[in-house]
Structure formats: C-alpha cells, structure tokens
Amino acid sequence: MVWFYSLVSVLLISLISFAGLLVLAVTMEKLQKILFFLISFAAGALLGDAFLHILPELVEDNGFGLDISLYLIVAILIFLILERIIRWHHYHHISEEDKHPIGYLNLIGDGFHNFIDGAVIAASYLADWKLGLATTIAVMLHELPQEIGDFAILLHSGFTKTKALVFNFLSGLVAVIGVLLVLWLGVKVTGILVPLLALTAGGFIYIATVDLIPEMHKETNLNKSLVQLVALLFGIGLMVLLLIE
C-alpha cells in the first residue's frame, strides 16, 4: 500500500503543473490575490508538517540525537546550494536573447525540485501513512504557487501555451523517479529512513523561512499582513487537524 499511496500522491502533485492555466484564465490582479493567500498558507503547512509531524516521528522512534541535528543542517545547506545554482523560483532582468535558455534552465531546476518532492513523500509514507498524507498536502500547497510562477516563466521565455503546459507536466513527472528510488532504497538499505525524514524536515523549514515568509514581508499594508498571518495559522492548523485520531 505504501507504493500505491506514494505513486498516487506524486501523480496528483504532477497534475498541479496545469495550475499554470490560472495565468490565462484570470487577471493578474486576481492571480496576485490567489498567490497572496496561498504563499502564506503553504508556509504554515510546511512549518506545521516539519515541526508537528516529521520531527516528532523522528524523536519518538530514535530520540533527538546529534545525527538528526546534523541532517537538518545538511538539508538546509543542500537547499541553499541548489537554489543558488539552479535558481528555482525567481528570474530577474531577462534579456531577449536569454529567454529560451532561462526557460529550459527553469525546467531543469524544477525537475530536481520535483525529484526531491517525490523522495520526501515516499520517505514519509515509509514511516507512516498519516505522515505521508500530511507531507503530500504540504507539498501540494507549496507547489501550487510555484507551478503558476514556473508556467509564467516558460511563457516569458518564448514557449507556446501548449508547449509550456506539456513541458511543465513532464517536469512534474520526475517526482515519480524520486518515489521509486526512495521506496527501492527503503527496502534495500537499512536505516535510510532517519536521514531522509530529517532532510525532509530541514528542506521544509528552509522553503518556508527562506522562500515563502520573505514574500510575506513584502506586504506593507497592515490589513493584508493580518490576512497573511491568518493564512499562515490556517496552514499550521491544517497540520494540527491531521494529528487528531
């Protein structure tokens, strides 16, 4: 059942790549309002999953030793290096001659990202199906605004709408490779689950605190900032609800 849950989860997440259609279906003003809420909600869900699900699972089974602390640090460094090299999220000052290379570079970076998403979902399901479900939801919430941004980057890079959707979806399917690799390693390699879950928690903490929360800081309007805070708390609250048996 772990294989079934993991594969279904990543296939559903791969379908989020079609969220780029929102770019075409709504005005930019409405799209900004959607992203405004989703980014805050996703940040709360990622933090909630890391601190309420993954780390407690690790501590309960293994104790909070130096190894877990080191894995968390390593995860944050890995995500920092990947983001600096491949530039997952934002591309600024793109000249006309750089448009196509930037689009393909974004696809490569997104492929790596999706591979990691598949790996962390599989690792979570190996530990417990509830942890897997919580991690899947957290990944979905964080993927939605990112996929919208990726689609916009591809259009800006000169891709047609159809080509952008197809390539974005194919990039999303790379998550399946991450799932299969981790599930195979889980059977073959003893003790692989602890570092994978710790790396997952560290990655989620990095994404929430380095990528998403700084986006929230860009909002200076007090009322909108309060809405962002509420959305963040809703994201955490969703992870709390998943703890209820």
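Keep in mind that what you see is a predicted model, and the values were worked out from it rather than measured. Scope of the values below: all heavy atoms of this structure, side chains included, with no hydrogens, waters or symmetry mates.
By the 4.5 Å heavy-atom criterion applied to side chains, Val174 and Asp117 are not counted as neighbours. Between Leu7 and Leu180, the closest side-chain pair of non-hydrogen atoms falls below 4.5 Å. Contact check for Leu72 versus Leu199: no side-chain heavy atoms found under the 4.5 Å cut-off. Proximity of Leu197 to Leu131: side-chain heavy atoms (C-beta onward) are separated by under 4.5 Å at one or more points. Contact annotation: the side chain of Val120 never approaches that of Ile54 to less than 4.5 Å [non-hydrogen atoms, C-beta and beyond]. Ile137 places a side-chain heavy atom less than 4.5 Å from the side chain of Leu242. The closest side-chain heavy-atom distance from Asp49 to Val139 is not below 4.5 Å. Annotation: side chain of Phe79 is in contact with side chain of Ile116 (closest heavy-atom distance under 4.5 Å).
In this structure, the separation between CG on Leu196 and OG1 on Thr200 is 6.5 Å, given to the nearest 0.5 Å. Note: Gln228 CD to Asn221 CG = 9.5 Å, rounded to the nearest 0.5 Å. In this structure, the separation between OG1 on Thr135 and NZ on Lys130 is 14.0 Å, given to the nearest 0.5 Å. Considering CZ of Phe234 and CG of Leu241, their distance stands at 10.5 Å, rounded to 0.5 Å. Remark: Leu80 CG to Tyr206 OH distance equals 4.5 Å, nearest 0.5 Å. The line from OG1 of Thr136 to CD1 of Ile13 is 5.0 Å long, rounded to the nearest 0.5 Å.
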Q | Pair Ile236-Leu52, side-chain contact (heavy atoms from CB on, under 4.5 Å): steps then yes or no | A | CA-CA 9 Å; Ile236 296 172; Leu52 299 176; 4.3 Å; yes
**Q.** Stepwise side-chain contact (heavy atoms from CB on, under 4.5 Å) test for Phe51 and Ile205
**A.** CA-CA 9 Å; Phe51 288 107; Ile205 292 168; 3.6 Å; yes
**Q.** Asn114/Ser171 under side-chain contact (heavy atoms from CB on, under 4.5 Å): CA gap, chis, key distance, verdict
**A.** CA-CA 7 Å; Asn114 292 325; Ser171 175; 3.3 Å; yes
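Closest approach of Glu219 to Ser225, counting heavy atoms only: O-OG, 3.4 Å. Taking all atoms of both residues into account, the shortest heavy-atom contact from Ala43 to Ala208 is O-CB, 3.9 Å. Taking every heavy atom of both residues into account, Ala75 and Ala198 meet most closely at CB-O, 4.4 Å. Heavy-atom minimum distance, Gly172 versus Ser14: O-OG, 3.0 Å. Shown here for Ala122 and Ser6, the closest heavy-atom pair between the two residues is CA-OG, 3.8 Å.
Under a hydrophobic clustering in which Ile, Leu, Val, Met, Phe, Trp and Tyr are joined whenever their side-chain heavy atoms come within less than 4.5 Å, directly or via other members, Val182 and Val8 fall into the same cluster. A continuous path of Ile, Leu, Val, Met, Phe, Trp and Tyr side chains, each step under 4.5 Å between heavy atoms, connects Phe41 with Val240, placing both in one hydrophobic cluster. Taking hydrophobic clusters as Ile, Leu, Val, Met, Phe, Trp and Tyr residues chained together by side-chain heavy-atom distances below 4.5 Å, Val166 shares a cluster with Phe169. Under a hydrophobic clustering in which Ile, Leu, Val, Met, Phe, Trp and Tyr are joined whenever their side-chain heavy atoms come within less than 4.5 Å, directly or via other members, Val2 and Leu11 fall into the same cluster. Note on Leu222: it does not cluster hydrophobically with Val227, by side-chain heavy-atom contacts below 4.5 Å among ILVMFWY residues.
Side chain of Ser124 to main chain of Gly132: no donor-acceptor pair is present (N/O by atom type, distance under 3.5 Å, no hydrogens or angles). In this structure, His53 contributes its side chain and Ala134 its backbone to no donor-acceptor pair below 3.5 Å.
Side-chain polar atoms of Ser9 and Tyr125 form a donor-acceptor pair below 3.5 angstrom.
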